[in-house]
Amino acid sequence: MSQKFWLMKSEPNVYSIDHLEQEKVCFWEGIRNYQARNLIRDELQEGDLAFFYHSNAKPPGIAGLMKIVKNSYPDHTSWDPSSTYYDPKSSEDNPRWFMVDVSFIEKFPLYVPLQELRDHPGLEDMKVLQKGSRLSIQPVTLKHFSIICELAKSSFSL
DNA sequence: GCCAACGTTGGC
DNA sequence: GCCAACGTTGGC
């Protein structure tokens, strides 16, 4: 089993890297897209690393780093009628949506805005830069991971 | 707030 | 299974 790298989007006005820094650990709730669900359910593994991406932010960009600390399990918010993530087609018996637990590693010393990713040689083929890319969980290559940690002046080392 | 790009739904 | 209508995402 080898460690993989991911980029996970969240709108900071809903849940930001600062929230995660305070809480230390959280469950990544509210994934309601099948492609992202399949990645969460089947690919994200305990020990993997993930960038915390601020979407719908000014500017959007990568804010920090976290680690997957629990493999996927059913997203209980999907069968909670009081949750904004409620989905009547999901049930405890037949869960449709899944989530993982993540833990805070670092808020980057330097925020890496989307535009900087666009401008930086070597990152051109990142998924998040592709036109119309809406997937909220994206795989990241080791090469891209390393470049971005450097841009962010991260103290984290593999 | 606009709107392009996707994803989902549902009639047929 | 097609596809039009509708809904959502997310940068700008």
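All of these numbers come straight from a predicted model, not from anything done at the bench. Quick note on labels: first sequence line is chain A, next is B, and so on, each numbered from 1.
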Discussion item. Categorize A/Glu11 for me: base, sugar-phosphate, or nothing, with a 4.0 angstrom heavy-atom threshold over every strand shown.
Written reply: nothing
Practice prompt. Check every strand shown and say whether A/Lys58 touches a base, only sugar-phosphate, or nothing at a heavy-atom separation below 4.0 Å.
Written response: nothing
What residue pairs, at least two apart or across chains, pass salt bridge (Lys or Arg N to Asp or Glu O under 4.0 Å) with a residue in [range]?
| range | result |
| --- | --- |
| residues 143-158 of chain A | none |
| residues 69-86 of chain A | A/Arg32-A/Asp75 |
| residues 97-107 of chain A | A/Asp18-A/Lys107 |

Item to complete: Just jot down the side chain to side chain contact (heavy atoms under 4.5 Å, CB included) partners of A/Ser91, sequence neighbours excluded, or say none.
Response: A/Asp93, A/Asn94
Discussion item. Does A/Gln138 form a side-chain hydrogen bond (donor to acceptor under 3.5 Å, both in side chains) with A/Ser133? I'd like the steps, not just the answer.
Written reply: CA-CA 10 Å; A/Gln138 305 183 354; A/Ser133 159; 2.9 Å; yes
Worksheet item: A/Lys89 or A/Asn56: which one's nearest nucleotide on DNA chain B is closer to the 5' end?
Response: A/Asn56
Worksheet item: Does A/Arg96 have any side chain to side chain donor-acceptor pair (under 3.5 Å) partners at least two apart in sequence or in another chain, and if so, which?
Response: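 A/Arg96: side chain to side chain donor-acceptor pair (under 3.5 Å) contacts with A/Tyr34.
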Response to the item:
Those residues at least two apart in sequence (or on a different chain) that pass side chain to side chain donor-acceptor pair (under 3.5 Å) with A/Asp125 are A/His144
Worksheet item: Mind checking what makes salt bridge (Lys or Arg N to Asp or Glu O under 4.0 Å) contact with A/Lys67, not counting sequence neighbours?
Response: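 Once residues adjacent in sequence are excluded, A/Lys67 has no partner under the salt bridge (Lys or Arg N to Asp or Glu O under 4.0 Å) criterion.
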Discussion item. What residues from residues 130-138 of chain A pass a heavy-atom cutoff of under 4.0 Å to DNA chain B?
Written reply: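 Of all residues in residues 130-138 of chain A, the ones placing a heavy atom under 4.0 Å from DNA chain B are A/Lys131, A/Gly132, A/Arg134.
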Worksheet entry | Range on DNA chain B touched by chain A - first to last nucleotide, heavy-atom distance under 4.0 Å |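 Span of nucleotides near chain A: B/dA5 to B/dT9.
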